[in-house]
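First up is the structure itself, then whatever we jot down about it.
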Amino acid sequence: MECIIVSDEQHIATLATVSRYDTGMNLYYIPVRPLWHWVQSSQGQRLAELLLAICAYLHQVVGIPFYTENGSYVGCQYQMIEDWVNDDQEDEDDHQAQLDELYVMHNAGLKLHEQIHKPYYLAQFAQIVENFHPVDNWEQEWKAIGVEFLQLYRFAPQRSIFDNIHSGLLYPEDEDRISADQYISFYWSGNNCFTDTLFDTINCNFQEITYMDEPMHLQKFDKLPEVNAPDFDFENRLFELVDRLCKLLNDHDYEEREPNI
């Protein structure tokens with residue numbers, strides 16, 4: 001907790017405290033390549049529908065950006081990698097394999113983004129979760145995380161990850177900061193030929209930046225403080241669930257024959 005002096009339309013200056021949620025300086029990147037494989041597989045349709053509903057909630061309500069969106073931070077890193085690949089043509093076989101991967105990554109991403117952007121999956125979120133009947137322990141894990149995401153949606157049906165981000169409230173003189181859309185995002189894969197380059201580039205961008213925009217609560221002392229002070233229940237549940245989702249997806253994020261696009 002930190003004490004600051006703030007001013008607004010009602011006050012020239014007033015004392016306030018700021019409580020920050022600690023994200024641990026982690027990257028919360030959700031890989032979608034496993035989802036793409038399940039969407040294209042006849043055996044994976046049930047799980048794909050459940051994941052599309054979860055991702056629709058995370059994208060449409062929570063506000064997690066998708067890498068094929070204009071202005072996406074991760075998308076910009078991928079574009080820079082693509083430029084490097086196009087400039088480097090020393091190994092023809094390796095160059096062609098990289099171009100093929102870029103093609104799949106871009107076009108599959110466009111199709112997945114179109115799906116999770118549809119109102120249908122959010123509107124049918126509860127029905128999809130309720131209709132998913134696990135046949136083994138692995139599917140039970142997906143059912144459990146689907147139920148918990150649905151509970152979070154019902155708990156805070158309009159809450160975005162950006163609602164409690166107040167960029168510049170602390171250390172306003174520090175112009176360089178890691179914004180929320182840079183450390184939480186959908187991306188293609190954590191296990192392909194561009195993964196090391198992607199994370200090396202991101203780490204290089206972030207290594208000189210000391211401040212990260214994190215959720216925070218501002219309590220002004222221009223009047224008696226609220227009896228029930230706001231907490232980070234939403235953020236605690238969200239980041240824990242996103243971390244679990246990433247681990248489940250990472251277990252199935254591996255090279256295999258890409259479906260036709």
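Keep in mind it's a predicted model, so treat the numbers as computed, not measured. Because only heavy atoms are used, hydrogens play no part in the values below, and waters and symmetry mates are left out as well, while side chains stay in.
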query: Can you name the nearest heavy-atom pair linking Phe125 to Ala53, along with the distance?
result: CD1-CB, 3.7 Å
- prompt: Same cluster or not: are Val147 and Val135 linked, directly or through other Ile, Leu, Val, Met, Phe, Trp or Tyr residues, by side-chain heavy atoms under 4.5 angstrom apart?
  reply: no
query: Applying the salt bridge (charged side-chain N to carboxylate O under 4.0 Å, His left out) test to Glu148, which of Arg244, Arg154, Arg237 qualifies?
result: Arg244
message: How about CG on Asn137, more than 12 heavy atoms from neighbouring residues, nucleotides or ligands closer than 6.0 Å, or not?
response: no
message: Rounded to the nearest 0.5 Å, what separates atom CD in Glu208 from atom OG1 in Thr210?
response: 10.0 Å
- prompt: If you measure from CD on Gln77 to OG on Ser72, what distance do you get to the nearest 0.5 Å?
  reply: 8.5 Å
field: Side-chain (Asp253) to main-chain (Leu249) donor-acceptor, under 3.5 angstrom
entry: no
- request: Take Leu150 and Ile54, measure what side chain to side chain contact (heavy atoms under 4.5 Å, CB included) needs, and give me the verdict at the end.
  value: CA-CA 8 Å; Leu150 179 60; Ile54 292 172; over 6 Å; no
message: Ignoring hydrogens, what is the shortest heavy-atom contact between Pro31 and Asn250? Give both atom names and the distance.
response: CG-OD1, 3.4 Å
- prompt: Is there side-chain contact between Thr23 and Tyr21, with at least one heavy-atom pair below 4.5 Å?
  reply: yes
query: Tyr73, Met80: one ILVMFWY side-chain cluster at the under-4.5 Å cut-off?
result: yes
task: Mark yes or no for whether Asp163, through its side chain, and Ser160, through its backbone, hold a donor-acceptor pair below 3.5 Å.
output: yes
- prompt: Do Leu50 and Asn131 touch side chain to side chain, with heavy atoms closer than 4.5 Å?
  reply: no
statement: Nearest heavy-atom contact between Asn205 and Ile209 is O-CD1, 3.5 Å
message: Check whether Gln45 reaches the backbone of Ser41 with its side chain - one donor and one acceptor, N or O, closer than 3.5 Å.
response: yes
query: Do Arg33 side-chain atoms and Asn191 backbone N/O form a donor-acceptor pair below 3.5 Å?
result: yes
- line: Rounded to the nearest 0.5 angstrom, the OH-CD distance for Tyr103 and Glu82 is 12.5 Å
message: Assess the residue pair Asp243 and Lys247 against the criterion (salt bridge (Lys or Arg N to Asp or Glu O under 4.0 Å)); give the C-alpha distance rounded to whole Å, side-chain angles, the decisive distance to 0.1 Å, and a yes or no.
response: CA-CA 6 Å; Asp243 187 53; Lys247 288 176 180 176; 3.3 Å; yes
message: Just so I know, are the side chains of Tyr57 and Ile116 near enough to count as touching, which here means a heavy-atom distance under 4.5 Å?
response: no
message: How close do His133 and Glu139 get, counting heavy atoms only, and between which atoms?
response: O-OE1, 3.8 Å
message: Could you walk me through whether Gln182 and Met212 satisfy the side chain to side chain contact (heavy atoms under 4.5 Å, CB included) test, starting with their C-alpha distance in whole Å, then the side-chain angles of each, then the deciding distance to 0.1 Å, before giving a yes or no?
response: CA-CA 10 Å; Gln182 292 178 319; Met212 175 182 280; over 6 Å; no
message: Ignoring hydrogens and geometry beyond distance, is a side-chain donor-acceptor pair present between Ser179 and Asp213 at under 3.5 Å?
response: no
query: Taking atom CD1 of Ile81 and atom SG of Cys76, what is their separation to the nearest 0.5 Å?
result: 11.5 Å
- request: Go through the side-chain N and O atoms of His37 and His252 and say whether any donor and acceptor fall under 3.5 Å apart.
  value: no
- prompt: Does Gln158 CD have over 12 foreign heavy atoms under 6.0 Å away?
  reply: no
- request: Return yes if some donor-acceptor pair links the side-chain N/O of Lys143 with the main-chain N/O of Val129 below 3.5 Å, else return no.
  value: yes
query: Glu240 and Asn236: side-chain donor and acceptor closer than 3.5 Å?
result: no
Hydrophobic cluster identity match, Leu110 and Leu102, side-chain contacts under 4.5 Å: no
query: Any donor and acceptor pair, going by atom type alone, linking the side chain of Gln98 with main-chain N or O of Val85 inside 3.5 Å?
result: no
query: Should the pair Arg159-Glu235 be classified as a salt bridge under the 4.0 Å nitrogen-to-oxygen rule?
result: yes
- prompt: Which class fits the ring pair Trp138 and Trp142: parallel under 30°, tilted 30 to 60°, perpendicular over 60°?
  reply: perpendicular
- prompt: Can we call the ring centroids of Phe155 and Phe234 under 6.0 Å apart?
  reply: no
- prompt: Within 45° of the ring axis of Tyr211 and under 6.0 Å from its six-membered ring centre, is that where the NZ or CZ of Arg177 lies?
  reply: no
task: Might you point out which heavy atoms bring Pro215 and Ile165 nearest each other, and give the distance in Å?
output: N-CD1, 3.3 Å
task: Among Tyr67, Phe66, Tyr28, find the residue that satisfies the ring pair (Phe, Tyr, Trp, His ring centres under 6.0 Å) test when tested with Phe186.
output: Phe66
field: Atom pair CG (Leu245) and SG (Cys55), whose distance is rounded to the nearest 0.5 Å
entry: 6.5 Å
message: Any heavy-atom pair between the side chains of Tyr153 and Val62 that's under 4.5 Å?
response: no
task: Enter the distance from Asn164:CG to Phe232:CZ here, rounded to the nearest 0.5 Å.
output: 6.5 Å
message: Using side chain to side chain contact (heavy atoms under 4.5 Å, CB included), reason through Phe239 and Ile184 one step at a time and then give a plain yes or no.
response: CA-CA 10 Å; Phe239 281 103; Ile184 182 167; 4.3 Å; yes
task: Scan side-chain atoms only and decide if Glu101 and Trp188 contain a donor-acceptor pair under the 3.5 Å cut-off.
output: yes
message: A side-chain contact here means heavy atoms from C-beta on lying under 4.5 Å apart; do Trp38 and Gln43 qualify?
response: no
message: Working note: Tyr183 + Asn26, criterion side chain to side chain contact (heavy atoms under 4.5 Å, CB included); need CA distance, chi angles, decisive distance, verdict.
response: CA-CA 7 Å; Tyr183 65 79; Asn26 294 320; over 6 Å; no
